[in-house]
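Here's the structure we're looking at; comments come further down.
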Amino acid sequence: MAQWFAAKERAGSALVFFRMGDFYELFFEDAEAASEALGLALTQRGEHQGVPIPMCGVPHHACEAYLARLIRRGFRVAICEQTETPEHAKARKASTIRREVVRVVTPGTATEEALLDAARPAWLLALAEGGAAWLDVSTGAFHTAAGEDPAALIARLRPAEILAADGRDDATPAIIPKDPARRVADAFGVATLDGFGQFSPPEIAACAMALDYVRAMGNGQLPRLSPPLAEGGRGRMLLDAATRRSLEILESPQDGPTLLAALDRTLTGPGARELAARLAAPLDDLAAIRARHDHVALLLTERDRCDAIRAALKGAPDMARALARLSLDRFAPRDLGALRDGLARAAALAEAARGSILPAPAPLPDLAAELARALAEELPARLEDGGVVGAGYDGQLDALRRLRDDARGAIAAMQMDLAQAWGVAALKIRHHQQLGFLAEVPSAAGEKLLRAAPNGLTDEMRPIHRQSMANAHRFTCAALAALDRRLSEAGEEAQRREKAVVQHLRRLVLEEGEAVAEAARAMAELDVLAAAAELAREGQWCRPEMTERPDFTIIAGRHPVVEKALREARGPAFVPNGCDLSPGRRLCLLTGPNMAGKSTFLRQNALFAVMAQAGLFLPAEAARLGLVDRLFSRVGAADDLAGGRSTFMVEMSETAAILNLAGPRSLVVLDEVGRGTATWDGLAIATAVLEALHDRIRCRTLFATHFHELTVLAHRLPELRLARMEVREWRGEVVFRHSVGEGAAEKSWGIHVAKLAGVPTPVLRRSAEVLAALEARAAAGEDPLATELPLFAPPPRPPSAHPALEALRALDPDSLSPREAQEALYHLRGLADGTEGQ
Ligand code: ADP
Ligand code: MG
């Protein structure tokens with residue numbers, strides 16, 4: 001228990017997995033928490049201060065699955081291992097085996113397959129004031145950025161674990177070590193970081209914080225890491241957290257359909273991770289985007305090449321993650337196998353990509369050949385099982401194995417010799433766990449041997465009794481004991497030698513670590529490109545023409561996720577729609593009833609910008625897109641109930657972000673913004689926002705609204721175009737055509753939609769009455785909402801003040817320029833004189 005308390009002290013808030021032979025055991029409150037989380041039986045073991053100690057345990061060979069469940073439930077787990085054998089402890093004259101915490105498993109530092117999602121990186125994100133660093137222990141990837149908004153970065157990366165010095169509640173508290181630049185340089189064995197690029201001090205602080213944390217969790221050990229890559233946020237489209245939420249790029253509420261899922265045709269885990277990374281951070285760099293499109297176009301025309309590449313990728317192992325486990329010495333034989341097989345795939349891919357512009361992995365023929373020669377065809381699950389290294393690779397290992405096998409043959413020979421010498425034909429040599437090899441004879445023959453040894457035996461062959469059983473006796477003799485010793489020594493030595501050979505192979509791989517990681521990256525890239533070509537071929541997608549100007553012209557575009565859902569439901573086909581936000585017509589104001597397809601149309605165009613700049617083709621007949629530097633997509637509060645963020649305040653603060661951050665190269669998509677408040681407020685805000693987007697920000701804008709009143713803005717804002725979702729009335733019912741036409745919607749069809757939704761007839765009838773009364777009032781030039789509903793008596797009107805006074809009250813002196821102030825004065829004067837109307 002003293003050992004356990006020491007381990008618990010070191011582990012802090014982590015649960016302690018305390019190794020006891022073949023089990024990891026948990027005690028006290030750890031046992032209670034784990035038994036609850038894992039559904040394990042809670043028992044007791046021993047006492048502490050006279051009270052029984054609660055205990056539960058998991059078998060060590062199955063611990064990964066339990067670990068995975070605990071980590072997913074938000075626990076951290078400290079692994080406390082036996083760090084010596086019972087023999088060592090005995091030699092030290094110690095009463096217990098030494099045990100130590102060898103690592104703490106956290107979501108951001110795990111490398112075990114069971115703890116990782118093959119299609120998702122496991123980022124550990126470190127946030128410092130003004131800089132961030134994120135690394136994936138499971139692949140060795142390492143990036144930094146300066147000055148990024150932490151919320152946007154978190155939304156983009158979806159980190160497994162966050163570190164922060166300043167106590168965010170979603171983060172693990174961590175500290176920035178002293179002399180961070182030195183710490184980082186030391187971790188990479190360099191004198192200065194200059195060779196890796198330009199880093200700001202906060203980026204370096206974040207790097208050092210992350211490295212120190214990984215080292216602390218790994219008991220001082222660092223995995224192989226690629227040098228940090230300063231990204232600086234440049235060259236990427238800016239997508240804030242609200243935009244990602246509304247577009248459902250990688251995630252959607254309640255695990256609904258996502259863009260990623262609809263587009264993913266990759267064949268490997270690393271490829272899926274790369275695709276997700278590209279969609280999460282689309283490029284903002286024409287040359288780089290065009291290069292990706294060129295690659296997809298090539299794979300689309302050269303079908304055979306594309307097929308060869310996909311054939312070589314299918315079933316290819318995850319080399320990056322195997323490499324990480326090797327570097328931490330936490331690997332299984334299949335990780336070596338993954339490198340052997342992965343390098344063979346890399347060679348096949350290099351061949352398939354030869355003579356093209358495609359990024360191809362540089363093969364590592366020497367390492368590949370060495371691994372192929374060294375490793376057995378079929379690999380055991382664990383290193384201790386033996387048989388990792390094949391015959392013919394290491395002479396010494398072969399000799400030891402021969403000795404072991406010879407000794408096995410010698411046992412068979414010995415059985416015959418003893419049967420003859422002892423005169424017991426039924427004698428069998430059997431292996432006993434503790435006692436080694438023993439000669440077993442039936443009871444009667446055994447009794448006889450016990451009474452007297454047969455005559456003429458050498459000392460070597462004289463029976464020595466070891467065990468009596470119900471119907472047999474077991475004996476050994478000096479010769480058998482010697483053979484037994486030889487056999488177990490040969491076995492142990494073969495095992496030791498095999499371990500040394502495996503370590504040698506591990507070193508060979510790690511020496512080429514960066515090259516292997518590079519090959520793995522190239523394979524992931526090829527996977528993404530070939531998958532994009534496959535997708536484009538399936539759906540006849542087009543290559544978007546990318547331009548510098550703020551173009552945006554789509555012909556017959558389809559929403560990839562909704563189209564897929566409709567196809568799977570075998571319902572009506574998706575109706576393609578074009579969109580034109582080119583200069584001169586940059587803003588589109590879309591009206592139409594609920595369920596007509598407004599949100600679908602808006603999102604589809606926003607997603608096109610993401611997909612095109614991620615390097616993919618588009619589900620459209622043709623597309624010309626000017627680079628989008630920042631994409632903003634917002635859903636009116638009432639539409640975002642699933643997110644539980646229904647307050648108007650959220651809607652307005654998100655709108656504020658657009659008005660402050662969007663620029664002339666941005667794309668802004670606003671879906672019914674302003675509906676979270678009273679009609680007039682909402683209309684007023686929507687008007688002002690549209691005016692600001694049109695006059696000041698001058699960005700491309702798609703704006704869906706149910707405020708038909710907004711359509712009059714088209715007279716005043718020359719670049720605003722009106723569009724509407726086409727509907728038809730058929731026998732008093734509304735039929736959605738899902739096509740976008742020009743002009744404003746004629747009516748809102750709300751009652752028809754209510755009918756479709758199953759609202760009871762009396763309520764529908766009453767709604768129609770009220771609507772008719774309101775419309776009549778509007779037709780008579782009155783404000784239909786200014787007074788109570790028509791069936792009640794209108795309240796008396798308040799006496800009105802003088803128009804000049806009212807105009808004076810409406811003035812906001814702080815917002816007036818001197819010139820406007822002067823104009824206002826003239827106006828007031830005119831009102832007072834009665835020469836001017838209100
Ligand atoms: P709104 O925002 O106008 O209320 P949505 O965009 O949410 O409408 O669309 C409602 C439904 O109509 C979608 O779930 C989809 O099934 C269908 N739909 C939308 N656009 C199309 C289209 N272009 N072709 C076919 N079906 C569509
Ligand atoms: Mg909608």
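We number each residue from 1, following the sequence as shown. For ligands, and for the atoms within them, numbers begin at 1 and follow the listed sequence. Predicted model, so just to flag it, every value in this text is computed and none were measured. All values below were derived from every heavy atom in this structure, side-chain atoms included, with hydrogens, water molecules and symmetry-related copies excluded.
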Best match, T600, T591, V740, N577: closest heavy atom to atom 5 (P) of ligand 1: T600

Can any side-chain N or O of K598 pair as donor or acceptor with the backbone N or O of G592 at less than 3.5 Å? yes

Scan the side chains in residues 710-717 for donor-acceptor partners under 3.5 Å anywhere in the protein, sequence neighbours excluded, and list what turns up.
| unit_1 | atom_1 | unit_2 | atom_2 | d |
| --- | --- | --- | --- | --- |
| T711 | OG1 | H708 | O | 2.6 |
| R716 | NH1 | E691 | OE2 | 3.0 |
| R716 | NH2 | E691 | OE2 | 2.7 |

Identify, by atom number and element, the atoms of ligand 1 in contact range of S599, meaning under 4.0 Å from any of its heavy atoms. 1 (P), 2 (O), 6 (O)

Quick one: which ligand 1 atoms are inside 4.0 Å of a heavy atom on N594? 4 (O)

Can we say R278 and E525 salt-bridge, meaning some charged N sits less than 4.0 Å from an Asp/Glu carboxylate O? yes

Just heavy atoms, cut-off under 4.0 Å: does P593 contact ligand 1 by side chain, backbone, both, or neither? backbone

Quick check: does G597 get an N/O under 3.5 Å from an N/O on ligand 1? yes

Under 4.0 Å, heavy atoms only, figure out whether ligand 1 is touched by the backbone of D671, its side chain, both or neither. neither

Are N577 and C579 side-chain neighbours, meaning at least one heavy-atom pair lies under 4.5 Å? no

Name every donor-acceptor pair, under 3.5 Å, that has one atom in a side chain of residues 612-623 and the other anywhere in the protein, sequence neighbours excluded.
| unit_1 | atom_1 | unit_2 | atom_2 | d |
| --- | --- | --- | --- | --- |
| Q613 | OE1 | V628 | N | 2.8 |
| Q613 | NE2 | L283 | O | 2.7 |
| Q613 | NE2 | V628 | O | 3.0 |

D580 vs S582, side-chain hydrogen bond (donor to acceptor under 3.5 Å, both in side chains): CA-CA, chis, key distance, verdict: CA-CA 6 Å; D580 191 355; S582 308; 2.4 Å; yes

Between M595 and ligand 1, is there a nitrogen or oxygen pair with a distance under 3.5 Å? yes

So for ligand 1, is A596 a polar contact partner (N or O within less than 3.5 Å, distance only)? yes

Between D294 and R543, does any NZ, NE, NH1 or NH2 come within less than 4.0 Å of an OD or OE carboxylate oxygen? yes

Report yes or no: does N594 have an N/O/S atom closer than 2.8 Å to the Mg ion (ligand 2)? no

Backbone or side chain, does any N or O of F601 fall under 3.5 Å from an N or O of ligand 1? no

